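Both ligands and their constituent atoms are indexed starting at 1 by order of listing. This one's a predicted model, so the numbers in the text were calculated from it and none came from an experiment.
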Amino acid sequence: MSVRTITVLGSTGSVGRSTLDLLSRAPADWSVHALTANRDAEGLAAQARAVGAERAVVADEAAYSALKAALSGTGIEAAAGHAALCEAASADNDIVLAAIVGAAGLGPTLAAVERGTNVAIANKETLVCAGDIVTAAARRSGALLLPVDSEHNAIFQCFDHDHPERVTRIIVTASGGPFRNSSEAEMRAATVAQACKHPVWSMGAKISVDSATLMNKGLELIEAHHLFPVRADQLEVVVHPQSVIHSLVEYIDGSVLAQLGTPDMRTPIAYCLAWPERMATPSERLDLAKIGSLTFEAPDLLRFPALQLAMDALRAGGSAPCVLNAANEVAVAAFIAGQVGFLDIAAIVGDTLDEIDAPDCVTLADVMAVDAAARRAAAQATGRRLT
Ligand code: NDP
């Protein structure tokens, strides 16, 4: 591979750290333009020094002086704020890896797409709240969206991109999360630590809670709808607790293609980084005989109403997914802060969807307005449920 320039948005997070692990294994192949974080200035500066980044950017301007001090004497430029994030994303990169958590990733991710840079996208909330805008920008600029999410990466690898009409169904697998076999009473009393203890994957707090409510799977259905030319009714979820099959694509002749692997995010990240080639990773190899059996079950939409809400938002269209996402971000933050219970998360999202109009959004400003209105309504719904 010739030397390629990369910017990693959200480098201090779980996906960001896995990405840097891969880059550091082949330093001669990569030139790091910028790394970004929200406010972890120390962690970001250490990463920037380790990979020799040109620039390090914190979103939170209050963290700028700490970043500047930590980079003093290194020659690495420090910057802060939303505009600086967008500037790093729209610089002359060969690829941008988008791993900011939440709708906060939308602006910088869109900036990279508009520039025409290929984006390895982990930041699913960006596609959930503004998928039409981001994919239209990609068509205009020629940017390719390479899915990092393991399920979408599996679909991308199995999908016949030249003949999408031959695909009849996409089956997205779900581990079922830590409460797959829990009673409603157990879920009502669930702690943050229990919700974040994912049975298979090690991830950031927000996506771990989303996996526990199954909202993550709902967000992924919406993400899949934007990444692949399929209708909402062609998307299905199956619970597969071993997380060995990462998703499946069914064709008109009944053939079903699947991608398998051990649950290690470095595999789908490496696929995106090396595309259209392949690169080696240290991921544990799959040993099917050791695993023994793979099991499957239908998701329980009654015990996990968040998945039903997301499926309804996908079918409703307009900005319903944006409302769903914003409300979920507010509710999950309140749960993590100990303000509401686990079952309140889906209830807050449901209340917000009932309350907010979800008009079609044409511009980014439209999306931001709906997002802000949904956050206000979700904060009020949260206030009514404070523990
Ligand atoms: P983490 O919470 O571990 O990391 C989030 C990153 O985003 C950090 O670098 C954080 O900086 C930064 N960040 C947080 N808030 C802001 C903000 N307001 N503005 C700018 N940057 C911000 O998340 P994950 O790595 O787990 O997930 C990242 C994305 O990837 C999510 O969209 C998630 O759904 C998706 N994803 C994650 C997977 C995983 O295995 N973790 C798998 C598939 C998808 P700081 O450190 O300073 O807070």
Side-chain angles (χ1 to χ4, degrees), residues 7-21 34-48 56-64 66-67 70 79-86 88-89 97-109 111 119-129 146-155 172-175 177 196 198 200-213 215-220 222-224 227 243 246-247 262-269 271-272 283 325 328-329 332-333 336 371 375:
T7 282
V8 183
L9 304 169
S11 63
T12 50
S14 167
V15 171
R17 291 194 304 274
S18 293
T19 304
L20 290 204
D21 177 79
L35 300 180
T36 83
N38 187 23
R39 54 176 71 112
D40 179 6
E42 290 294 331
L44 182 66
Q47 286 183 332
V57 186
V58 276
D60 184 349
E61 297 189 11
Y64 176 71
L67 180 65
H82 184 75
L85 280 186
C86 294
L97 191 128
I100 291 174
V101 63
L106 173 55
T109 304
V119 174
I121 185 156
N123 177 216
K124 65 190 79 181
E125 296 91 347
T126 277
L127 289 172
V128 171
C129 65
L146 292 158
V148 168
D149 224 338
S150 58
E151 293 79 359
H152 305 76
N153 190 267
I155 298 164
V172 181
T173 54
S175 72
C196 286
H198 195 274
V200 183
W201 298 94
S202 164
M203 309 181 286
K206 194 258 176 184
I207 185 176
S208 296
V209 175
D210 286 347
S211 297
T213 59
M215 178 61 88
N216 183 50
K217 215 42 58 181
L219 299 177
E220 287 179 5
I222 301 168
E223 182 184 9
L227 286 171
S243 296
H246 296 309
S247 279
T262 54
D264 184 332
M265 282 307 293
R266 289 177 299 184
T267 299
I269 294 170
Y271 179 88
C272 296
S283 309
N325 179 68
N328 183 57
E329 288 193 28
V332 170
I336 290 173
D371 176 90
R375 280 171 203 270

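- Between Asp371 and Arg375 there is a salt bridge, with a side-chain nitrogen of the basic residue lying less than 4.0 Å from a carboxylate oxygen of the acidic one.
- Atom 25 (O) of ligand 1 has Val15 N, 2.9 Å as its closest protein atom, hydrogens excluded (heavy atom only).
- Among Asp149, Asn38, Leu9, Thr12, the residue whose heavy atom lies nearest to atom 22 (C) of ligand 1 is Asn38.
- Using a 4.5 Å heavy-atom cutoff, the side chains of Thr12 and Gln47 are in contact.
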Residues Ile100, Thr126; criterion side-chain contact (heavy atoms from CB on, under 4.5 Å); working and verdict | CA-CA 9 Å; Ile100 291 174; Thr126 277; over 6 Å; no
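- Residue contacts with ligand 1 for Ala104 involve side-chain atoms from C-beta outward but no N, CA, C or O (heavy atoms, distance under 4.0 Å).
- At the shortest separation from atom 26 (O) of ligand 1 among protein heavy atoms lies Gly204 N, 2.9 Å.
- Contacts between Glu125 and ligand 1 below 4.0 angstrom, taking non-hydrogen atoms only, involve the side chain exclusively.
- When only non-hydrogen protein atoms are considered, atom 36 (N) of ligand 1 lies nearest to Ile207 CD1, 3.6 Å.
- To the nearest 0.5 Å, the span separating CD on Glu223 from NZ on Lys217 amounts to 9.5 Å.
- Under the 4.0 angstrom criterion for non-hydrogen atoms, Lys124 is in contact with ligand 1.
- Closest of all the heavy-atom pairs between Cys196 and Val209 is SG-CG2, 3.9 Å.
- The proximity of Met265 to ligand 1, defined as any non-hydrogen pair under 4.0 Å, is limited to the side chain.
- Scored by the side-chain contact (heavy atoms from CB on, under 4.5 Å) test, Cys86 finds His82, Pro108, Ala111 as partners (sequence neighbours excluded).
- In this structure, the protein non-hydrogen atom closest to atom 29 (C) of ligand 1 is Ile100 O, 3.7 Å.
- Considering Ala122, Pro268, Ala205 only, the shortest heavy-atom separation from atom 30 (O) of ligand 1 involves Ala122.
- Residue Ser14 holds the heavy atom nearest to atom 3 (O) of ligand 1 of all those in Ser14, Ser11, Gly105, Ala41.
- Here the closest non-hydrogen pair linking Pro147 and His152 is CB-CB, 3.4 Å.
- By the criterion of a heavy-atom distance under 4.0 Å, the side chain of Ala59, and not its backbone, is placed next to ligand 1.
- The option from Ser202, Gly107, Gly10, Ala99 that lies nearest to atom 28 (C) of ligand 1, judged by heavy atoms, is Ala99.
- A side-chain hydrogen bond (donor to acceptor under 3.5 Å, both in side chains) check over residues 34-46, counting only residues at least two apart or in different chains, returns the pairs Arg39-Asp60.
- For Asn325 and Lys124, the side-chain atoms include no donor-acceptor pair closer than 3.5 Å.
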